[in-house]
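Please read the structure below before turning to the comments.
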Amino acid sequence: MDRHYNPGTIEEKWQSFWDANQSFRVSDEDEGREKYYVLEMFPYPSGRIHMGHVRNYTIGDVVARYKAMRGFKVLHPMGWDSFGMPAENAAIQNKTHPAAWTYANIDIMRAQLKRIGLSYDWERELATSDVSYYGLEQRIFLKMYERGLVYRKQAFVNWCETCRTVLANEQVEAGRCWRCGEEVTQKELPQWCFRITRYAEELLEGLEGLTGWPEQVITQQRNWIGRSYGSEIAFRIENSDDSITVFTTRPDTLYGATFMSIAPENPLAVQLSSGTSQAGPVRDFIARVLKQDKTVRSSDDLVKEGVFTGAYCINPVTGRRMPVYVANFVLMEYGTGAVMAVPAHDQRDFEFARAYGLDVRVVIQPEGAPLDPAAMAQAYVDDGVLVNSNRFTGMHNREAMGAITDYLAAQGLGRRTVNYRLKDWGISRQRYWGAPIPVVHCPRCGIVPVPERDLPVVLPEKVSLEVLGRSPLADCTEFVNTACPQCGAAAQRETDTMDTFVESSWYFARYACPDLMDAPLDPARVNYWLPVDQYIGGIEHAVMHLLYARFFTRVLRDLGMLDFDEPFTNLLTQGMVCMETSSCANCGWLFPEEVQSGACTRCGGEARQGRTEKMSKSKKNVVDPEKLIAQFGADTARLFCLFAAPPEKDLEWNEKGVEGSFRFIQRLWRLAEENADLLEHVNAGSYGEPAPGDDAGRAMRRKTHQTIAKVTADIEKSFHFNTAISAVMELVNHLYQFVPHARNHAAGTQAFREAFDAAVLLLAPMAPHVCEEIWQQLGRAGLAGEQPWPTDDPAIAAADEVQIVVQVNGKVRGKLSVDAAAADDRVRELALACEHVQPWIQGREIRKVIVVPKKLVSIVV
RNA sequence: GCCCGGGUGGCGGAACUGGUAGACGCAAGGGACUUAAAAUCCCUCGGCCGCAAGGCUGUACGAGUUCGAUUCUCGUCCCGGGCACCA
């Protein structure tokens, strides 16, 4: 046994071993062992691994290694979400090509991941920017197109007039372009969309079955889909054959509808006003509202504004004329882009009516004081009984919702509907570094999908990224100019690329068959490995990524590529990695190494400690995993990530805590090294019963088996590695105490070996390098990681004496040690006789005595 | 505003289905070893009172249920996250 623990040497040795032996490669054949698919969200190759990755991937790795020791056949793959905007920005900045930048990053990050000792099947590695990936994605796109799941529509995008370019939401800062500061406006452009709304109901209902997901994520998805039941009601436009249809969840208030509000984007706004004196004001109003970017328009304090269109529609039940207004708070994307306004019973309509002097008609009366429209200070939105509602007067409003809708339906003026907040997924990006949308625009045939035989549509290499106003692909003539696949005429390729969320919506299935070249997925292999048994990633993906992946899984199912509904059976959302921030008046944010004993090392000024926040480059509160590993080794980095907090909580980084984890590993090593003579050349499996009367040996074995049970339960139940590690720490502490006994008793030596081997195996998934090394240096057969997971023997773990707490009136007054098998009556007797308890019960009447077996006795006096 | 989480020592965090609050680790203090330091080992460590035995108090705050509440119920305050004019 080596004298000192040398993480650098050991880790390099085992990482090379795993590489050379392809230790974590799995075949796709069913070998009788149960499969287990564990997956961590793949990273964007930004350049370097950060602590959030280390934490995420360590958690996944422990699960993978643990399940393997439990006898599962484990699939644990890794890849790269390698399309995206940062590559283009970096390319412009560094005058390189996005591909060069991306693939260089991948090489760096792959090497970094290997240095953490993660048990990936690298044979299955994939990168979404490889044509072998996105080319197959284009096939999925075509199949979706055939099924009507893809369509094109005019949609508003953020637009900077100065830069003449489309901006992503995150490129808009306080309503202005991030690059030039110009005010961002909304511009209507044709956009490709996926019809996710077709699956809205199924996606919502599927949530019920996701028992392995955190409640929080389920709720967020439910709110995002936002189902609401209501009615569609048609309002005839005065002097016209047309009508305006609205969606409302409150058909019961129809008799109180006194005007109509429509969204500025609603084409009716211009239509209705044209030819009237209101045409000018309406046009101006729309132009002004559309100039505001989405964040401004949806901000809290936006004043409700509107303008009369000059037109009226007719309330179908009262026959009253309702002026039609364009209003800035009405959303085109929700419902029908038009709202029947009931000022008495809707707060927004109320405010609007007061501002523009419109009628307020009460139609729902609460119990007690009747409402007076003139005196109301706010809308009455709660339940009540209908008034002023003709035949429905007197009916409870809940009942009236259905009754009024049915009445309208009978006349063809309305129907019950379900409306969703969820919108179709706009996938068009006017960007270079993404998957080309495989479509051709032909002057004669219109939109023609690229036939499957002509796929993939390869992203051209030579493009200029600095052109403005359109996708860089639009300027690449050899890409754009093509022949129409249908008629052969000169045509142009679509130059939009796909949202990168498309790639991450099916990569988890592709890992089952990454070698397949002529189809995206091999149903047999996908159905064998999937669904993913355990998916692990950041909570920030609670809605978008996880919803899109669920959508895609259903689409792929309907395309016959797989046959399950939900992609991820269990989901673990891990918390962020946080650290204290530091700053100095002169130099701003400081890196941790720029602070020494409270002073800034750059200017000598005072370094102030800020709040603890998520590690980020901008705040400089970061720890570089590479440096950390160089100093302490990967096992320490892993152990600390697991020990400092349970996975779902935020982890507070603490340099001293890292040293503590390092010390613990050294403590384990030293225990082996100092007692190698006792431990060497013995194999697990046969640890004899300690000699009768060997209490210390018995206690050691009890601790061992209790620890095995505890660690196993902590991992199985909730992946609470922090408590699992603390249990092993206790075992190791116990082992140190036990050394003298182990040296003097043969049976004690056995118990010592049993406990030590258990400690090493229990830690093997968490600190794999050092555990393998100890296992090997002590001459154990095989690899630690290939040993069966230790099993606990409840008979050995059971205590033969238990401590009983004695309470008097709920306060702890005494403690007793009692034979575990003692009868309740006997325990009760001992408790009452206990010397510490006597003073509290003497001379008082004992009303009740409660005996909880093996726990406590509660005496009520 | 609405919907989810969450408030436990100096710090990170433990506590099974209501049963000894503070496991484990960090920090701190004291001691041993050392010429010295590091490393290591031993002891102390929620607060208050007490020489001690021991007592009182304590899981954001206020009530309640219970023999017994960090755990269950109601109310209040604070922090974090998500959504937000959704008709």
Side-chain angles (χ1 to χ4, degrees), chain A residues 214-224 226-228 230-231 246-251 253 257 261 263 297-304 327-331 333-342 345-349 351-352 419-423 539-540 542-543 575-576 578 612 639-640 643-646 648-661 663-664 666-667 670 710 713 717 720 722-733 736 803-815 836 839 847-850 852-861:
Chain A
E215 196 51 48
Q216 220 200 126
V217 177
I218 305 242
T219 319
Q220 276 185 51
Q221 292 216 351
R222 188 173 290 129
N223 292 343
W224 189 264
R227 178 175 64 190
S228 58
S231 311
V246 303
F247 170 78
T248 180
T249 54
R250 295 295 303 273
T253 63
S261 311
R297 230 184 118 187
S298 61
S299 76
D300 229 343
D301 36 288
L302 184 76
V303 183
K304 286 178 186 50
N328 62 348
F329 64 88
V330 179
L331 306 173
E333 313 87 71
Y334 187 76
T336 60
V339 184
M340 70 175 203
V342 186
H345 305 293
D346 181 282
Q347 187 56 27
R348 292 156 299 180
D349 297 341
E351 287 169 30
F352 196 84
N419 198 43
Y420 299 90
R421 203 192 75 108
L422 181 70
K423 287 178 284 180
I539 185 77
E540 65 273 20
V543 178
M576 299 180 298
C578 300
T612 297
L639 208 61
F640 179 72
F643 181 65
E648 69 279 6
K649 282 189 66 166
D650 285 353
L651 183 154
E652 204 174 302
W653 198 264
N654 177 315
E655 188 62 29
K656 295 288 184 196
V658 176
E659 285 170 28
S661 294
R663 269 205 292 273
F664 172 64
Q666 285 183 302
R667 213 167 135 69
R670 204 169 344 105
K710 165 91 177 138
K717 200 178 59 197
H720 277 191
N722 56 333
T723 48
I725 292 169
S726 84
V728 180
M729 285 174 167
E730 283 186 53
L731 181 63
V732 170
N733 290 345
Y736 267 97
Q803 202 179 40
I804 300 280
V805 172
V806 187
Q807 295 183 339
V808 180
N809 285 352
K811 296 204 180 210
V812 178
R813 296 301 180 189
K815 293 166 189 181
H836 297 291
R847 292 225 186 122
K848 200 153 123 191
V849 178
I850 297 151
V852 181
K854 298 187 185 183
K855 284 248 165 67
L856 59 63
V857 177
S858 186
I859 303 166
V860 188
V861 296

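Order of the sequence lines fixes the chain letters, A, B, ..., with proteins taken first and strands second; residue numbering starts at 1 for each chain.
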(message) Are A:Phe643 and A:Phe664 an aromatic pair, judged by ring center distance below 6.0 Å?
(response) no
(request) Considering just the side-chain nitrogens and oxygens of A:Arg250, establish if one lies under 4.0 Å of OP1 or OP2 belonging to B:rC86. (result) no
(request) Kindly say if A:Arg667 contacts the phosphate of B:rC41, meaning a side-chain N or O under 4.0 Å from OP1 or OP2. (result) yes
(message) Just to be sure I understand the rule, does A:Val860 reach a base, reach only the sugar-phosphate, or reach nothing, if contact means heavy atoms closer than 4.0 Å?
(response) sugar-phosphate
(message) Taking pairing as Watson-Crick or G-U wobble with both contacts under 3.5 Å, can you name the mate of B:rG5, or confirm there isn't one?
(response) B:rC79
(request) In whole angstrom, give the distance that lies between atom CD of A:Glu659 and atom P of B:rA38. (result) 13 Å
(message) Of the options B:rA84, B:rC24, B:rC3, whose atoms approach the side-chain atoms of A:Thr219 most closely?
(response) B:rC3
(request) Tell whether A:Gln803 reaches the base of B:rU20 with its side chain through a donor-acceptor pair below 3.5 angstrom. (result) yes
(request) Using a 4.0 Å heavy-atom cut-off across all strands, classify A:Arg227 as base, sugar-phosphate, or nothing. (result) nothing
(message) Closer than 3.5 angstrom, by distance alone: can the side chain of A:Asn722 be matched with the main-chain N or O of A:Ala644 as a donor-acceptor pair?
(response) no
(request) Establish, with yes or no, whether the OP1 or OP2 oxygen of B:rA14 is under 4.0 angstrom from a side-chain nitrogen or oxygen of A:Asn722. (result) yes
(message) With rounding to the closest Å, how many angstrom separate the P atoms on B:rU34 and B:rA38?
(response) 15 Å
(request) Take atom P in B:rU57 and the same atom in B:rG6, then report the distance between them in whole Å. (result) 30 Å
